[in-house]
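Below: the structure, in structure tokens.
Side-chain atoms are counted along with the backbone in the values below, which use heavy atoms only and exclude waters and symmetry mates. Each ligand, and each atom within it, is numbered from 1 in the order the structure gives.
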Amino acid sequence: MKMTKACLFDLDGVIVDTAVYHFQAWRRLANELGFDFTEHQNEQLKGISRMESLELILKWGNVTLTEEEKIERATRKNAWYLESVMQMTPNEVLKGVPEFLKELRANGIKIALGSASKNSRLILEKINMIEFFDVIIDGNNITKGKPDPQVFLLGAEATNCKPADCVVFEDALAGVRAGKSGGMRVVGVGDPKILHEADFVINGFEEMTIDRLF
Ligand code: B16
Ligand code: MG
């Protein structure tokens, strides 16, 4: 029988939806550089790191920058993004998440964050969720982004659990692949057509209960 000793959660798109704030800030940056991009293109930025996102956006706009200019632009984008993050409230936590995390905790299952974001602690504080997490692994701890499994392997290790005893929750295909290649079971959160490589897909946490983990 499969055991579940730890659950590893992505942040953006799983616990809370920060994608819209990323989109607004990246768009502002693109507009400054003289071009625009669509919400559809923005989908490709989900789950990937800040610098990888910038590279893609610059490609869309056919803009070339020096390494120094890239860092300067990414820093500006992050400052705009943080203006939105500072306004976030606990109302933005996605439906059913606190209830599910309480259920995990009541059953002695460890809870870890596995996010690409370097702002994850601040976001978790703003939405009043930081207390739930036994372990936080994020963009500050990793050298390889998803689909590399590093973020989830470090999460499993920090909870003292084997990958086979962990379940990952992910909204991005790159994240589903990261979990699977790390040897974990993966629950997709969102569109089953995009996340079909997951073990199963939920629409949201209202439909998730602990018995579905085993
Ligand atoms: P930051 P996740 C990811 O969060 C976002 O989905 C992605 O759009 C963003 O570029 C990345 O974090 C880095 O964020 O600029 O705050 O370091 O889905 O891995 O929780
Ligand atoms: Mg995500």
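Counting atoms of ligand 1 from 1 in the listed order, those under 4.0 Å from a heavy atom of Ser53 are 10 (O). Heavy-atom proximity to Leu45, at under 4.0 Å, picks out these atoms of ligand 1: 7 (C), 8 (O). For ligand 1, the atoms lying closer than 4.0 Å to a non-hydrogen atom of Lys118 are 1 (P), 16 (O), 17 (O). Heavy-atom proximity to Ser115, at under 4.0 Å, picks out these atoms of ligand 1: 2 (P), 4 (O), 19 (O), 20 (O). Heavy-atom contacts of Ser49 reach the following atoms of ligand 1: 10 (O) (cutoff under 4.0 Å). Each of the following atoms of ligand 1 lies closer than 4.0 Å to a heavy atom of Asn119: 1 (P), 16 (O). Every atom of ligand 1 is numbered from 1 in the order shown, and the set under 4.0 Å from a heavy atom of Leu11 is 20 (O). Counting atoms of ligand 1 from 1 in the listed order, those under 4.0 Å from a heavy atom of Asp10 are 2 (P), 18 (O), 19 (O), 20 (O).
The pair Glu92-Lys126 does not meet the salt-bridge criterion, since no charged nitrogen lies less than 4.0 angstrom from a carboxylate oxygen. Ionic pairing of Lys70 and Glu67 is present here: one or more N-O contacts between side-chain nitrogen and carboxylate oxygen are shorter than 4.0 angstrom. Between Glu197 and Arg177, at least one side-chain nitrogen of the basic residue sits less than 4.0 Å from a carboxylate oxygen of the acidic one, meeting the salt-bridge criterion. Contact check on Asp138 versus Arg121 returns no salt bridge, with no Lys/Arg side-chain nitrogen under 4.0 Å from an Asp/Glu carboxylate oxygen. Ion pairing between a basic and an acidic side chain is recognised when a charged N comes within 4.0 Å of a carboxylate O; Glu32 and Arg76 show such pairing.
At the top of the distance list for atom 14 (O) of ligand 1, counting protein heavy atoms only, stands Ser117 CA, 3.4 Å. Closest to atom 15 (O) of ligand 1, if we only count protein heavy atoms, is Arg50 NE, 2.8 Å. Among protein heavy atoms, the minimum distance from atom 9 (C) of ligand 1 is reached at Ile48 O, 3.2 Å. Looking only at heavy atoms of the protein, atom 19 (O) of ligand 1 is closest to Ala116 N, 2.7 Å. Scanning the protein heavy atoms around atom 4 (O) of ligand 1, the nearest turns out to be Asp12 CB, 3.5 Å.
Of all N, O or S atoms in Asp12, the one lying closest to the Mg ion (ligand 2) is O. The N, O or S atom of Asp171 lying closest to the Mg ion (ligand 2) is OD1.
The proximity of Glu52 to ligand 1, defined as any non-hydrogen pair under 4.0 Å, does not occur for either the backbone or the side chain. Counting heavy atoms under 4.0 Å from ligand 1, residue His22 touches it through the side chain alone.
Counting heavy-atom neighbours within 6.0 Å of Glu157 CD, excluding the residue itself, gives a total of 12 or less. At most 12 heavy atoms of other shown residues, nucleotides or ligands fall within 6.0 angstrom of atom NZ in Lys118.
Checking side-chain atoms of Asp148 against main-chain N and O of Lys144 turns up no donor-acceptor pair under 3.5 Å. A donor-acceptor pair is defined here as one N or O able to donate and one able to accept, closer than 3.5 Å; such a pair exists between the side chain of Gln41 and the backbone of Thr38. Remark: side-chain polar atoms of Asp199 are not paired, donor with acceptor, to backbone N or O of Val187 under 3.5 angstrom.
Within the coordination shell of the Mg ion (ligand 2), defined by N, O or S atoms under 2.8 Å, Asp10 is present.
Of all the heavy atoms in Ile109 and Leu213, the pair that sits closest is CD1-CD1, 4.2 Å. Considering every non-hydrogen atom in both Gly182 and Leu153, the closest pair reads O-CD2, 3.7 Å.
Remark: ligand 1 and Gly114 share no N or O pair separated by less than 3.5 Å (distance only, no angle test).
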